[in-house]
Amino acid sequence: PVDMRPALIELLVALTTLYLADFFLEWVFALPVLLYVSLSWIIRVKSYLRWKRVLARVAAYDPPGWRPQRKLLILVNPYGGSTMGESTWEQVVKPMLNKAGVSYDFIMTTHATHAFELGQTETIFNYSVVATVSGDGMLSNFLNGIVVQCNGDKNKLREKFQNFALAVIPAGTSNGLAESLGWSDPYLAVKGLIENDIKYIDALEVTTLEGPGDKFSKVRWDLHSVNWAFTADVDYILEHQSRWLPKWTRDVLVPIYVMCLRKIYWPKILSFRPAEMSEEDRIRMHYDDLRSFPDDPHPDRQGWKMWDHYVSMCMIANTAVAATDVLMAPHAKLNEGCFDLVLVWDASTFNNIKMFLSMDKGQHVEVEDFHVIKCKELHLSTNNGWIDSSGELLDARTINVLAVADVVRFVY
């Protein structure tokens, strides 16, 4: 679906600019405005054609004769990210589920914490699968409601997920988890929800340490990523300061804006427990040589390594895809019991632009100053920069992140 109101405003701006250019403005000032409006319309037309193709596939969908019998609860976020949640539900999800004869209930969320509150209710376990029509943030909030219900106990969580699973249908800002599952559009996601098996997926257990001496801790779980420095700044501006801009403008201009700030971030402590990997695989997949990192002297972190430089970007990636067309950690897997630590150190402006332009195919891992390390656990303490979990800001400067396997079950 294409919202024509901003498109018509852009067209009016373009026509006004053309008119004024002959009388008051030099053409050199009018051209950037016309270029922006032209690009915006091209992207809107492409989005419209892509949506028409999705709807054509929905109309032609022929459910298989045999499929898993599931009772679904669908949570729809009508306001998140690209504001496509309600349209995706009405035009894609609902028709396909009805055609397949799947039993379902649905809830349209009404406020920011609605999914989190639903996750704390016992009635959700009356369903075999809960799917969110949203981006990564709402799914993460729902999962954390379940975590609160289980008091953060892994054994209780594992028990809850024995006959229960999650799923996601992309309709948000980043959709990194859905893209990592191979679900690049809602049709593929709903098709997978109806037909695919349920499997375990790795999760990130994020413990935030707060208060004097970091004595007070909170636990948050995430299926996508935890970010600090550049990526967290981009997330913050995308989610809180630039939502009035068209999506394509935000996706292009915000990273460039943050990149041009050339901010650097000093960690007080950035320590990690590396995962085992053969030398052949390390070289082939462009992971860092652990021998280049000093050992962590802390007595509770024996066998850990340390990062002892400043960084411009830090991402703890549980999935390969960070957002649409951003293959941030190309060799991260969904069920390997570890995560990829992605770091950028002192990259030149040229290398930053080179990385930015090659992220859609994952070729940025070959650029100098880009570092990837396969880890099982990480400890980060910092004095500056945001820390976020799937776009949700964490009110903490010290976190511990642990990869947890064989707890959360997912349809994919």
Worked check of side chain to side chain contact (heavy atoms under 4.5 Å, CB included) between I74 and V133: CA-CA 7 Å; I74 313 294; V133 183; 3.6 Å; yes

Can you name the one residue among [options] that meets side-chain contact (heavy atoms from CB on, under 4.5 Å) with [X]?
{"X": "E205", "options": "V407, V219, V401", "value": "V219"}
{"X": "T88", "options": "P186, P170, S134, P78", "value": "P186"}
{"X": "W221", "options": "L204, V206, V147", "value": "V147"}

Decide yes or no for [X] and [Y]: does some side-chain heavy atom of the first lie under 4.5 Å from some side-chain heavy atom of the second?
{"X": "L73", "Y": "Y104", "result": "no"}
{"X": "Y265", "Y": "T382", "result": "no"}
{"X": "L72", "Y": "L193", "result": "yes"}
{"X": "K354", "Y": "H364", "result": "no"}
{"X": "I107", "Y": "V76", "result": "no"}
{"X": "V321", "Y": "V326", "result": "no"}
{"X": "D233", "Y": "W386", "result": "yes"}
{"X": "D340", "Y": "I373", "result": "no"}

Residues S103 and R70: side-chain donor-acceptor under 3.5 angstrom: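 Note: S103 and R70 side chains miss the donor-acceptor criterion.
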
Flag for W51-Q91: side-chain donor and acceptor within less than 3.5 Å: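 Looking only at side-chain atoms, W51 and Q91 do form a donor-acceptor pair, the distance falling under 3.5 Å.
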
Answer yes or no: is there an ion pair linking [X] with [Y], defined by an N-O contact shorter than 4.0 Å?
{"X": "K156", "Y": "E159", "value": "no"}
{"X": "R284", "Y": "E280", "value": "no"}
{"X": "R158", "Y": "D406", "value": "no"}
{"X": "R50", "Y": "D185", "value": "no"}

Within the distance-only criterion (no hydrogens, no angle test), does the side chain of [X] pair as donor or acceptor with the backbone N or O of [Y] below 3.5 angstrom?
{"X": "D288", "Y": "L290", "result": "no"}
{"X": "S128", "Y": "K71", "result": "yes"}
{"X": "E336", "Y": "K333", "result": "yes"}
{"X": "S278", "Y": "D281", "result": "yes"}
{"X": "Y412", "Y": "S180", "result": "no"}
{"X": "N98", "Y": "K94", "result": "yes"}
{"X": "H111", "Y": "T113", "result": "no"}
{"X": "W183", "Y": "L177", "result": "no"}
{"X": "S292", "Y": "D289", "result": "yes"}

How many angstroms lie between atom [atom1] of [X] and atom [atom2] of [Y], to the nearest 0.5 angstrom?
{"X": "D296", "Y": "H379", "atom1": "CG", "atom2": "NE2", "result": "8.5 Å"}
{"X": "L380", "Y": "N400", "atom1": "CG", "atom2": "CG", "result": "9.5 Å"}
{"X": "F142", "Y": "N77", "atom1": "CZ", "atom2": "CG", "result": "13.5 Å"}
{"X": "L343", "Y": "I316", "atom1": "CG", "atom2": "CD1", "result": "9.0 Å"}
{"X": "T324", "Y": "E179", "atom1": "OG1", "atom2": "CD", "result": "4.0 Å"}
{"X": "R409", "Y": "L166", "atom1": "CZ", "atom2": "CG", "result": "10.0 Å"}

How close do [X] and [Y] get, heavy atom to heavy atom, and via which atoms?
{"X": "N155", "Y": "D153", "value": "N-OD1, 2.8 Å"}
{"X": "A396", "Y": "I387", "value": "O-CD1, 3.7 Å"}
{"X": "F370", "Y": "V344", "value": "CD1-CG2, 3.6 Å"}
{"X": "G135", "Y": "V168", "value": "O-CG2, 4.3 Å"}
{"X": "W89", "Y": "P95", "value": "O-CD, 4.0 Å"}
{"X": "A131", "Y": "I169", "value": "CB-CD1, 4.5 Å"}

Test side chain to side chain contact (heavy atoms under 4.5 Å, CB included) applied to V190 and V92, step by step: CA-CA 8 Å; V190 181; V92 180; 4.2 Å; yes

Crowded around [X] [atom1]? As in, over 12 foreign heavy atoms under 6.0 Å?
{"X": "Q149", "atom1": "CD", "result": "yes"}
{"X": "K305", "atom1": "NZ", "result": "yes"}
{"X": "N163", "atom1": "CG", "result": "no"}
{"X": "E279", "atom1": "CD", "result": "yes"}

Worked verdict on R220 versus S140 for side chain to side chain donor-acceptor pair (under 3.5 Å): CA-CA 9 Å; R220 178 181 176 85; S140 180; 3.1 Å; yes

Result of checking D136, D222, N227, N144 against S390 for side-chain hydrogen bond (donor to acceptor under 3.5 Å, both in side chains):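 Among D136, D222, N227, N144, the one meeting side-chain hydrogen bond (donor to acceptor under 3.5 Å, both in side chains) with S390 is D222.
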
Are [X] and [Y] in a cation-pi setup, meaning NZ or CZ lies under 6.0 angstrom from the ring centre and within 45 degrees of the ring axis?
{"X": "K160", "Y": "F125", "answer": "yes"}
{"X": "K374", "Y": "Y287", "answer": "no"}
{"X": "K99", "Y": "Y61", "answer": "no"}

In terms of ring plane angle, is the pair [X] and [Y] parallel, tilted or perpendicular, where the classes change at 30° and 60°?
{"X": "W345", "Y": "H371", "answer": "tilted"}
{"X": "H309", "Y": "W307", "answer": "perpendicular"}
{"X": "F293", "Y": "F272", "answer": "perpendicular"}

Pair V129-I198, side chain to side chain contact (heavy atoms under 4.5 Å, CB included): steps then yes or no: CA-CA 9 Å; V129 177; I198 294 174; 4.2 Å; yes

Pair R273-L378, side chain to side chain contact (heavy atoms under 4.5 Å, CB included): steps then yes or no: CA-CA 6 Å; R273 177 161 62 95; L378 173 138; over 6 Å; no

